[in-house]
Amino acid sequence: MISIYLAGPLFSAAEMKFNLELSEWLTEKGCNVFLPQAACLNKTTEEIFTLCKNGVESASAVLAILDGADADSGTCWECGYAFAKNIPVIIVRTDIRDSGDTRGFNAMLYYSASGIIEDRIHFKEKILDELLKLTS
């Protein structure tokens, strides 16, 4: 079973719902998912940092949601930390708005990613494809 750290913004009800539904779907597909919004509920900022750092370190891969006008700063840190630890990072953009310097992504995130998904309809299936590449 692959262990995934699900990184992404979690500041609106829509973002939290998206993250939760994706986490549940991945769990149904046999993945073990660390979901920060669930793990860090009612924690201090220092506890959140430690939990999330440890979550990235124990993951087989980081799945990063990079929708929006600019990638979430916490998500960027998680991606950079994973990259430095040689943990594969799969970046996902379901947002059709152009916002980055490299196909809608920040160049640093784009070129450090192990897998890149740009799709708002079939992104789930493409995530599974990328995860299968990591396990084969």
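Considering all non-hydrogen atoms of both residues, V62 and A82 come closest at CG2-CB, 3.6 Å. Residues P88 and S60 come closest through the heavy atom pair CD-O, 3.2 Å. Of all the heavy atoms in A71 and L109, the pair that sits closest is CB-CD1, 3.8 Å. Considering all non-hydrogen atoms of both residues, T75 and P9 come closest at OG1-N, 3.8 Å.
Residue F123 is grouped with residue L128 when hydrophobic side chains (ILVMFWY) are merged at heavy-atom distances under 4.5 angstrom, including chains of intermediate members. No chain of hydrophobic side-chain contacts below 4.5 Å, direct or via other Ile, Leu, Val, Met, Phe, Trp or Tyr residues, connects I91 to I2. If you chain together hydrophobic residues whose side chains sit under 4.5 Å apart, L66 and I90 never meet in one group. By the criterion of side-chain heavy atoms lying less than 4.5 angstrom apart, applied directly or through intervening Ile, Leu, Val, Met, Phe, Trp or Tyr residues, I4 is not grouped with V56; the two fall into different hydrophobic clusters. Transitive grouping of hydrophobic side chains (ILVMFWY, heavy atoms separated by less than 4.5 Å) keeps L134 and I116 in distinct clusters.
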(request) List the steps, then state whether side chain to side chain contact (heavy atoms under 4.5 Å, CB included) holds for I87 with Y5. (result) CA-CA 10 Å; I87 299 166; Y5 182 97; over 6 Å; no
(request) Starting from the C-alpha separation in whole Å, work towards a yes-or-no answer on side chain to side chain contact (heavy atoms under 4.5 Å, CB included) for S112 and C79. (result) CA-CA 8 Å; S112 64; C79 290; 5.7 Å; no
(message) Using the rule given for side chain to side chain contact (heavy atoms under 4.5 Å, CB included), can you reason through L6 versus I65, listing the C-alpha separation, both sets of side-chain angles and the distance that settles it, and then say yes or no?
(response) CA-CA 8 Å; L6 181 53; I65 308 304; 4.2 Å; yes
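Shown here is E125, whose CD atom has more than 12 heavy atoms of other residues, nucleotides or ligands within 6.0 Å. Atom OH of Y81 has more than 12 neighbouring heavy atoms from other residues, nucleotides or ligands inside a 6.0 Å radius.
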Report all side-chain donor-acceptor pairs from residues 26-37 shorter than 3.5 Å, counting only partners two or more places apart or in another chain.
{"from": "T27", "atom 1": "OG1", "to": "S23", "atom 2": "O", "distance (Å)": "2.8"}
{"from": "Q37", "atom 1": "OE1", "to": "N19", "atom 2": "ND2", "distance (Å)": "3.0"}
{"from": "Q37", "atom 1": "NE2", "to": "M16", "atom 2": "O", "distance (Å)": "2.9"}

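If you take NZ on K124 and OG1 on T94, they are separated by 11.0 Å, rounding to the nearest 0.5 Å. For the atom pair W25 CH2 and I127 CD1, the distance stands at 6.5 Å (nearest 0.5 Å). In this structure, the separation between OH on Y111 and CG on N106 is 11.0 Å, given to the nearest 0.5 Å. Atoms OG1 and NZ, on T50 and K43 in that order, are 11.0 Å from each other to the nearest 0.5 Å. We find the CG-CG distance between L51 and L41 to be 11.5 Å, quoted to the nearest 0.5 Å.
Of the possible donor and acceptor atoms, none in the side chain of R93 sits under 3.5 Å from a partner among the backbone N and O of R120.
Partner of E130 under the side-chain contact (heavy atoms from CB on, under 4.5 Å) criterion, chosen from L63, V92, I117: I117.
Between K53 and E57 there is a salt bridge, with a side-chain nitrogen of the basic residue lying less than 4.0 Å from a carboxylate oxygen of the acidic one.
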